[in-house]
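Numbering of residues begins at 1 and proceeds along the displayed sequence.
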Amino acid sequence: MSAESTPEPGIPESGHGARHRGTRRRSKALLITAWTVAGIVVLGGTGVGYVYFKLNGNIKSVDINQALGTDRPTKADNGSENILVLGSDSRSGSNEKLGGGADDGSARSDTAMIVHVYEGRKAASVVSVPRDTLVDRPECTDSDGGTHPAATGVMFNSAYSTGGAACAVRTVESITGIRMDHYLEVDFSGFQKLIDELGGVTVTTTKDIDDPQSHLDLTAGTHKLSGEQALGLVRTRHGVGDGSDLGRIQLQQAFVKALVDQVKQVGVLTDPTKLFALADTATKAVTTDSELGSVNSLVSFANGLKGISASHMTMVTTPVQYDPANPNRVLLDETKSQQVWTALKNDRPIPATATKNTATGQAKDVITTP
């Protein structure tokens, strides 16, 4: 398989940032959802009385620290911060008709990103973890106190279905050796409602996309996507390309380019009614770790991210190779992955060599901005 195009290091330096602006705009839909949530809460959470308590009551949280205990990587003391962002593919409740498939009582991490915020809060690197990656899942304790035994050679997204948020964090920390300082999860219906509240997102498709499993049917051309269509687009893997999770990641990156441009055009600051609707939807859409589980905490968290624009984000996919025994699965490229984890531990840019000659999908340039 061809190598994935790797952005240059993500810490902007004087005189060099503009040269890589286009590459650094790549990110993922759920990351922008997370940033949108944080930004909207900064605005909507500045009020008092009803607005504050309404938004505060919307937020769901999980005590990750209690579940994981002290047997964890040491928190970095270099001023950086790491956040695990997950998109849950639970089929329960209102998510069933959106996600496709039946409610089997389980959920998996449909999308996973490790967001590394560099010291100074002016730049970030985002590392996507393909859900089909085969990993060794460590023993973990869920937020209800239940213990789950370790497993070898299982799909990465099974960690969430096995033990929820706490097990997902434990697995990521085991793979990377990096402590996750925060956790943020967005669900299907919340993502859809956010896009609808924003008025939709316009994209151009260079090929037809038809995927009944994600309820998406788009002819080649320009479309203003509703929330349900946008959700279908960031989830589709069978409608275009090679049907791989890596191809889906490419579609998600392209979708975000359009979303970033359009979020800037939404006049929420001059429309208090729209602002509250967005804040209400955003706070209902997320589950956080307990340290972020209040409006005040989210406001403080978001204030620390306000200086990070899309042009100062570097997006890569965890270095993987296709599994020779099963082309529908991928394996960590241990040597190249270690380059990524070492860079993040030391609060340094991810080297271009880390993703050179690694597996990639075949959906690049299927989605463009109009």
*Could you check I175 against V172 for side-chain contact (heavy atoms from CB on, under 4.5 Å), going step by step and ending with a plain yes or no?*
CA-CA 5 Å; I175 292 170; V172 169; 5.7 Å; no
*Kindly indicate, with the supporting measurements, whether the criterion side chain to side chain donor-acceptor pair (under 3.5 Å) is fulfilled by S128 and T317.*
CA-CA 5 Å; S128 301; T317 300; 4.7 Å; no
*Which is it for H116 and V127 under the side-chain contact (heavy atoms from CB on, under 4.5 Å) test, yes or no, and what are the steps along the way?*
CA-CA 8 Å; H116 179 84; V127 184; over 6 Å; no
*Apply side-chain contact (heavy atoms from CB on, under 4.5 Å) to the pair N346 and N78, showing each step before the final yes or no.*
CA-CA 8 Å; N346 295 318; N78 53 21; 5.6 Å; no
_Between V85 and V126, does the side-chain contact (heavy atoms from CB on, under 4.5 Å) criterion hold? Intermediate values first, please._
CA-CA 10 Å; V85 180; V126 183; over 6 Å; no
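At least one donor-acceptor pair closer than 3.5 Å links the side chain of T171 to the backbone N or O of C167. Side-chain atoms of Y160 do not come within 3.5 Å of backbone N or O of A166 as any donor-acceptor pair. Under the 3.5 Å distance criterion, the side-chain polar atoms of D187 are left unmatched by any main-chain donor or acceptor of G87. Side-chain atoms of D289 never come within 3.5 Å of backbone atoms of V62 as a donor-acceptor pair (strictly under, hydrogens ignored). Y118 contributes a side-chain N or O that, together with a main-chain N or O of R348, makes up a donor-acceptor pair within less than 3.5 Å.
Going from atom CG of L86 over to atom OG1 of T111 covers 9.0 Å, rounded to the nearest 0.5 Å. Rounding to the nearest 0.5 Å places CG of N157 at 9.5 Å from OG1 of T162. To the nearest 0.5 Å, atoms CG (D71) and CD (E173) are separated by 9.5 Å. With rounding to the nearest 0.5 Å, the separation of OG in S80 from CZ in R121 is 7.5 Å. Rounding to the nearest 0.5 Å places CD of Q213 at 8.5 Å from OG1 of T236. In this structure, CZ on R137 lies 4.5 Å from OG on S158, to the nearest 0.5 angstrom.
Considering all non-hydrogen atoms of both residues, T176 and K345 come closest at O-CE, 3.5 Å. Contact detail for R131 and M155: the closest heavy-atom pair is O-CE, 3.7 Å. What you find for K284 and K60 is that their closest heavy atoms are O-NZ, 3.0 Å. Nearest heavy-atom pair across P319 and A354 is CG-O, 3.2 Å. Looking at every heavy atom in both residues, Q321 comes nearest to N357 through NE2-O, 3.0 Å. Scanning both residues, D365 and T206, for their nearest heavy atoms gives O-OG1, 3.0 Å.
Side-chain contact between R179 and N82: absent, with no pair of heavy atoms (C-beta onward) separated by less than 4.5 Å. When side chains are defined from C-beta on, P130 counts as touching L246, because their heavy atoms get closer than 4.5 Å. A heavy-atom distance below 4.5 Å is found between the side chains of T205 and H223. Within the 4.5 Å cutoff, the side chain of R72 has heavy atoms near those of the V169 side chain. Within the 4.5 Å cutoff, no side-chain heavy atoms of T281 are placed close to those of F191. Under the 4.5 Å side-chain criterion, counting only non-hydrogen atoms from C-beta, L332 is in contact with T133. The side-chain heavy atoms of L225 and I195, taken from C-beta on, include no pair separated by under 4.5 Å. Under the 4.5 Å side-chain criterion, counting only non-hydrogen atoms from C-beta, D333 is not in contact with V320.
Results of the side chain to side chain contact (heavy atoms under 4.5 Å, CB included) test with M180 over I114, I64, L68, I83 single out I114 as the only residue that passes.
Residues satisfying the side-chain hydrogen bond (donor to acceptor under 3.5 Å, both in side chains) test with T141, not counting sequence neighbours, are none. For L331, the side-chain contact (heavy atoms from CB on, under 4.5 Å) partners at least two apart in sequence or on another chain are L134, D323, P324. By the ring pair (Phe, Tyr, Trp, His ring centres under 6.0 Å) test, H182 pairs with F301, sequence neighbours left out.
Ion pairing between R248 and D245 holds under the 4.0 Å rule for side-chain N and carboxylate O.
With no hydrogens or angles considered, no side-chain donor-acceptor pair links N328 and D132 at under 3.5 Å. In this model, no donor atom of one side chain and acceptor atom of the other lie less than 3.5 Å apart for T288 and S61.
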